[in-house]
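Below is one structure; the comments refer to it alone.
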Amino acid sequence: MRLQNKTFLVTAAGQGIGRASALACRDEGARVIATDINGTLLEGLEGVETAVLDVTRPDAVEAIAARVGPLDGLFNCAGVVHNGTLLDIRDEDWAFAFDLNVTAMMRLTRACLPGMLDRAAKTGTASILNMASMASSIKGFANRTAYGASKAAVIGLTKAIAADFVKQGIRCNALCPGTVDTPSLRGRIAASADPVQAEKDFIARQPMGRLATVDDIVPMVVFLLSDESRFVSGQAMLVDGGVTI
Ligand code: NAD
């Protein structure tokens with residue numbers, strides 16, 4: 001058990017990477033508070049505490065941080081993909097992408113940080129993990145303007161938090177997955193003009209010839225939340241199947 005005596009909060013834990021991460025942390029002995037905007041998606045989760053949380057609601061963010069108490073780890077996983085070039089973006093799409101992908105992450109981390117500083121003072125370390133993407137400041141992708149810009153901001157936010165609190169035992173890293181086969185990816189493929197071709201195109205940009213599964217991503221999540229990564233902070237950790245080789 002690599003995460004015994006640790007308490008973690010995970011956002012967007014109803015499906016995809018967040019769900020698989022919450023279950024993996026549970027399996028390693030952590031107390032996990034799995035949250036999502038969609039309570040129905042949380043229903044099947046066993047062995048974890050669940051709570052409905054819309055991370056874009058400041059009052060809900062303050063309330064959950066107060067309710068769960070000091071955390072050893074926070075995985076800010078919630079995010080949305082806006083599909084389109086600069087010419088396709090409406091102001092409200094841009095604002096929503098930044099609100100969910102960046103501002104909500106800042107608020108929840110700000111609300112949880114005092115408790116995490118207390119934990120780190122006692123145990124020596126606490127870990128914040130922010131969901132970014134390979135589509136960010138790391139690499140540009142077609143039709144990902146708002147998404148890439150917001151995920152680049154996640155990396156900047158991550159490095160700033162890491163710099164400010166490194167001496168107090170807080171580590172903060174960003175996770176940058178490649179294309180992962182999750183319900184929202186399936187939705188994006190299904191919504192395209194030619195779904196068969198869209199799936200082929202996603203796979204064609206993968207040097208390893210396949211999409212990631214959540215099981216390819218979760219080991220990095222567990223590592224970055226655990227004490228095994230105690231000398232790692234401020235990093236944008238790529239798990240992309242070699243796309244950025
Ligand atoms: P997903 O997109 O399939 O599921 C997202 C989950 O977030 C859902 O359970 C949904 O209910 C929840 N959610 C949506 N709005 C929310 C809100 N306001 N508050 C709380 N929860 C909310 O899952 P995924 O594809 O694993 O994506 C999770 C994260 O990983 C996102 O930040 C995404 O940008 C990032 N990511 C995904 C991929 C990929 O290819 N799937 C690649 C890189 C990064």
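Both ligands and their constituent atoms are indexed starting at 1 by order of listing. Because the structure is a prediction, the values reported are computed rather than measured.
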[X] heavy atom under 4.0 Å from ligand 1:
X: Gly178; value: yes
X: Thr11; value: no
X: Arg19; value: no
X: Leu100; value: yes

Which atoms of ligand 1 sit under 4.0 Å from any heavy atom of [X]?
X: Ala78; value: 32 (O)
X: Leu41; value: 9 (O), 11 (O)
X: Ala132; value: 44 (C)
X: Pro183; value: 3 (O)
X: Leu53; value: 19 (N), 20 (C)
X: Gly16; value: 26 (O)

Give the cluster check for [X] versus [Y]: same hydrophobic cluster or not, with ILVMFWY residues linked at side-chain heavy-atom distances below 4.5 Å.
X: Met106; Y: Val102; answer: yes
X: Val222; Y: Met237; answer: yes
X: Phe202; Y: Ile138; answer: no

Looking only at distances, can you tell me whether any N or O atom of [X], backbone or side chain, sits closer than 3.5 Å to an N or O atom of ligand 1?
X: Thr179; value: no
X: Asp54; value: yes
X: Val55; value: yes
X: Val180; value: yes
X: Asn38; value: no
X: Val81; value: no

**Message:** Given Pro177, Ala212, Ser184, identify the one with the heavy atom nearest to atom 2 (O) of ligand 1.
**Reply:** Ser184

**Request:** Out of Asn76, Thr182, Asn101, indicate the one that has the non-hydrogen atom closest to atom 24 (P) of ligand 1.
**Result:** Thr182

**Request:** Taking all non-hydrogen atoms of both residues into account, name the closest pair between Ser226 and Arg2 and its distance.
**Result:** CB-O, 4.4 Å

**Request:** Search all heavy atoms of Gln206 against all heavy atoms of Val243 and return the closest pair with its distance.
**Result:** OE1-CG2, 3.5 Å

Tell me the contacting part of [X] for ligand 1: side chain, backbone, both, or neither, using a 4.0 Å heavy-atom threshold, strictly below.
X: Ala104; result: neither
X: Met131; result: side chain
X: Thr35; result: neither
X: Lys151; result: side chain

Does this structure show an ion pair linking [X] with [Y], if we count only N-O contacts that are shorter than 4.0 Å?
X: Arg186; Y: Glu199; answer: yes
X: Asp227; Y: Lys6; answer: yes
X: Lys200; Y: Asp194; answer: no

**Request:** Indicate yes or no: at least one non-hydrogen side-chain atom of Tyr147 is less than 4.5 angstrom from one of Ser133.
**Result:** yes

**Message:** If only side-chain N and O atoms count, and only distance matters, is there a donor-acceptor pair under 3.5 Å linking Asn83 with Asn143?
**Reply:** no

[X] atom [atom1]: more than 12 heavy-atom contacts under 6.0 Å:
X: Arg230; atom1: CZ; value: no
X: Asp91; atom1: CG; value: no
X: Glu46; atom1: CD; value: no

**Asked** Looking at OG of Ser127 and CD1 of Ile170, how far apart are the two atoms once the value is rounded to the nearest 0.5 Å?
**Response** 9.0 Å

Starting from [atom], find the nearest protein heavy-atom neighbour and note its residue, name and distance.
atom: atom 34 (O) of ligand 1; value: Tyr147 OH, 2.8 Å
atom: atom 9 (O) of ligand 1; value: Asp36 OD2, 2.6 Å
atom: atom 31 (C) of ligand 1; value: Cys77 O, 3.3 Å
atom: atom 3 (O) of ligand 1; value: Gln15 NE2, 2.8 Å
atom: atom 26 (O) of ligand 1; value: Ile17 N, 2.8 Å
atom: atom 7 (O) of ligand 1; value: Ala12 CB, 3.2 Å
atom: atom 15 (N) of ligand 1; value: Ile37 CG2, 3.9 Å

**Request:** Could you check Asp54 against Arg57 for salt bridge (charged side-chain N to carboxylate O under 4.0 Å, His left out), going step by step and ending with a plain yes or no?
**Result:** CA-CA 6 Å; Asp54 176 351; Arg57 279 188 44 208; 5.6 Å; no

**Request:** Keeping the roles fixed (side chain from Asn173, backbone from Gly234), state whether a donor-acceptor pair exists under 3.5 Å.
**Result:** yes

**Request:** For Arg19 and Gly14, indicate whether the former's side chain and the latter's backbone hold a donor-acceptor pair under 3.5 Å.
**Result:** yes

**Request:** Return a yes/no value: protein heavy atom under 4.0 Å from atom 40 (O) of ligand 1?
**Result:** yes

